[in-house]
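Heads up: the structure comes next, in structure tokens.
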Amino acid sequence: MIFANGDCYITYQQPDPIDSTKRVELEKAFEEGKHVYLNSMITTEHTLTFYYSPIKVMEEQNTIEPGDIIIEEVGEFLTGMEFSI
């Protein structure tokens, strides 16, 4: 499940714990990847939380609802990492 978590965060949550090896792969892929709006990623046992600047998205996309654009970007990243969302 992917959802907005406050003004600047989008969170992916799953019922099963994220394997520690997979977590390391995710962090490395995030750091090495090119992201349009995602600034950082925080991992916990069951979640991945992505930080973004809503003002930047709103200005560049001429929208007042930046969350959908970020959810799409998070979905693309997770799909590329073989997560089923």
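FYI, the numbering just counts along the sequence from 1. Being a predicted model, the structure only gives us computed values, none of them experimental.
Applying the side chain to side chain contact (heavy atoms under 4.5 Å, CB included) test between Val57 and each of Val36, Ile69, Asn62 identifies Ile69 as the sole match.
At a threshold of 4.5 Å between side-chain heavy atoms, the hydrophobic network of Ile, Leu, Val, Met, Phe, Trp and Tyr places Ile70 and Met58 in two separate groups. Cluster annotation: Tyr51 is not connected to Leu38 through the hydrophobic network of ILVMFWY side chains, with a link wherever side-chain heavy atoms come within less than 4.5 Å.
The shortest side-chain heavy-atom distance between Lys28 and Glu31 does not fall under the 4.5 Å cut-off. Between Glu27 and Thr43 there is a side-chain heavy-atom pair separated by less than 4.5 Å.
Atom SG in Cys8 sits 13.5 Å away from atom NZ in Lys56 (nearest 0.5 Å). Between the CG atom of Leu26 and the CG atom of Leu78 there is a distance of 7.0 Å, given to the nearest 0.5 Å. The CE atom of Met1 sits 5.0 Å away from atom CD of Gln13, with the distance rounded to the nearest 0.5 Å. Atoms CD1 and OH, on Ile2 and Tyr12 in that order, are 7.5 Å from each other to the nearest 0.5 Å. With rounding to the nearest 0.5 angstrom, the CD atom of Glu45 is 7.0 Å from the CZ atom of Arg23. With rounding to the nearest 0.5 Å, the separation of CD1 in Ile10 from CD1 in Ile71 is 4.5 Å.
Listed for the Thr44 side chain is a donor-acceptor partner under 3.5 Å among the backbone atoms of Thr47.
Checking Thr49 against Thr11 by side-chain atom types alone, a donor-acceptor pair falls below 3.5 Å. Counting only N and O atoms by type, the side chains of Glu72 and Tyr37 include no donor and acceptor under 3.5 Å apart.
Note: His35 and Phe30 meet the aromatic proximity criterion, with ring centroids under 6.0 Å apart. Aromatic ring centres of Phe50 and Tyr9: separated by at least 6.0 Å.
Here the closest heavy-atom approach between residue Thr63 and residue Glu65 is recorded as OG1-N, 3.1 Å.
Within a 6.0 Å radius of CG in Asn39, other residues, nucleotides and ligands contribute more than 12 heavy atoms.
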Working note: Phe77 + Met81, criterion side-chain contact (heavy atoms from CB on, under 4.5 Å); need CA distance, chi angles, decisive distance, verdict. CA-CA 6 Å; Phe77 172 72; Met81 293 298 297; 4.0 Å; yes
